[in-house]
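Only heavy atoms go into these numbers, but all of them, side chains included; no hydrogens, no water, no symmetry mates.
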Amino acid sequence: VTPVPLCGTMFRALVRLSATGTRSLARSRPCYSAPLASRCYSHGKVETDEEFDARWVTYFSKPDLDAWELRKGMNTLIGYDLVPEPKILDSALRACRRLDDLASAIRILEAVKEKAGPHKDIYPYVIQELKPTLSELGISTPEELGLDKL
């Protein structure tokens, strides 16, 4: 009886098992595609645009709003897939004035310009709607300050 080298036989068996095991694993995994329709994960009431705007105007109009809450609110608002309505921005700019925070007011206007993205008509519209508020509060736009040229 001639001895059979165990290394070669075991290696071949291992390769054969792993190759078939991998193929069967690849075949057994179902291929799922993402559903096109959105699902309703919450049974809560859907907020209308007016309710959304009112909620944010109320948030920024709180008399005891501090600088952290202002920044947190703006970060949350800017995180949404929308450009905030001028009435929300009006309320946020008034909160900046109450807090004597000109830098945050300018940053809000810069963020709105950034959120408008390629839609070049949105930012001028927002500035046009906010012009009376900006004049009343003594806030200059980033363009008036020359920040758009940096």
Side-chain angles (χ1 to χ4, degrees), residues 11-150:
F11 183 73
R12 258 185 259 122
L14 180 64
V15 169
R16 191 176 328 119
L17 283 175
S18 66
T20 57
T22 305
R23 269 187 253 126
S24 68
L25 267 176
R27 277 190 224 129
S28 68
R29 283 190 5 213
C31 180
Y32 294 113
S33 62
L36 295 176
S38 65
R39 294 182 183 211
C40 184
Y41 290 106
S42 173
H43 298 291
K45 185 172 138 297
V46 176
E47 189 175 46
T48 65
D49 291 342
E50 292 78 24
E51 291 169 334
F52 178 85
D53 293 348
R55 178 169 55 97
W56 282 104
V57 168
T58 303
Y59 178 85
F60 289 119
S61 298
K62 292 189 306 188
D64 61 337
L65 186 82
D66 63 10
W68 185 88
E69 290 174 317
L70 173 69
R71 288 190 306 275
K72 172 72 172 109
M74 279 312 300
N75 283 333
T76 303
L77 188 58
I78 294 299
Y80 293 134
D81 187 24
L82 54 82
V83 176
E85 286 289 325
K87 60 184 165 186
I88 297 173
L89 297 172
D90 179 279
S91 181
L93 291 171
R94 291 181 186 282
C96 290
R97 173 49 71 200
R98 278 194 314 275
L99 295 169
D100 198 23
D101 191 355
L102 178 63
S104 289
I106 301 298
R107 182 66 189 120
I108 288 170
L109 296 174
E110 288 174 330
V112 169
K113 186 174 185 177
E114 185 68 28
K115 284 295 287 187
H119 308 287
K120 301 296 180 199
D121 54 334
I122 294 177
Y123 181 69
Y125 166 75
V126 170
I127 292 298
Q128 172 193 331
E129 293 295 310
L130 291 175
K131 206 56 162 163
T133 302
L134 295 172
S135 297
E136 177 189 335
L137 300 176
I139 299 172
S140 301
T141 65
E143 293 76 25
E144 293 169 346
L145 296 172
L147 296 176
D148 59 333
K149 294 175 180 66
L150 297 178

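- Atoms CG and CG, on L93 and L102 in that order, are 10.0 Å from each other to the nearest 0.5 Å.
- Within the model, atoms CD1 of I127 and CD of E144 stand 8.0 Å from one another, a figure rounded to the nearest 0.5 Å.
- A distance-only check finds no donor-acceptor pair linking the side chain of K87 to the backbone of V57 [under 3.5 Å].
- The line from CG of L77 to CG of L82 is 6.5 Å long, rounded to the nearest 0.5 Å.
- Rounded to the nearest 0.5 angstrom, E85 CD and E50 CD are separated by 9.0 Å.
- Shown here for I78 and P84, the closest heavy-atom pair between the two residues is CD1-CG, 4.3 Å.
- Inter-residue side-chain proximity for M74 and F60 is flagged as met; some heavy-atom pair is nearer than 4.5 Å.
- Here the CH2 atom belonging to W56 is positioned 5.0 Å from the OG1 atom belonging to T76, to the nearest 0.5 angstrom.
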Result block: side-chain N/O donor-acceptor pairs under 3.5 angstrom for residues 103-114, not counting sequence neighbours:
from: S104; atom 1: OG; to: D101; atom 2: OD1; distance (Å): 3.3
from: S104; atom 1: OG; to: D101; atom 2: OD2; distance (Å): 2.6
from: K113; atom 1: NZ; to: E143; atom 2: OE2; distance (Å): 3.0

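- Annotation: side-chain contact (heavy atoms from CB on, under 4.5 Å) contacts of E69 (sequence neighbours excluded): Y59, K62, L65, D66.
- The shortest non-hydrogen separation linking R97 to I139 is NH2-CG1, 4.5 Å.
- When all heavy atoms of V46 and E51 are compared, the pair lying nearest together is O-OE1, 4.0 Å.
- Looking at residues two or more places apart in sequence or on another chain, you find no side-chain contact (heavy atoms from CB on, under 4.5 Å) involving S135.
- In the displayed structure, D81 atom CG is contacted under 6.0 Å by at most 12 heavy atoms of other residues, nucleotides or ligands.
- Partners of R55 according to the side-chain hydrogen bond (donor to acceptor under 3.5 Å, both in side chains) rule, which considers only residues two or more places apart in sequence or in another chain, are E47.
- The side-chain contact (heavy atoms from CB on, under 4.5 Å) search around Y125 returns P86, E129, not counting sequence neighbours.
- Sorted by first and then second residue, the ring-ring contact (aromatic ring centres under 6.0 Å, His included) pairs with a member in residues 65-84 read F52-Y80; sequence neighbours excluded.
- To the nearest 0.5 Å, atom OG1 of residue T133 and atom CG of residue D90 are 3.5 Å apart.
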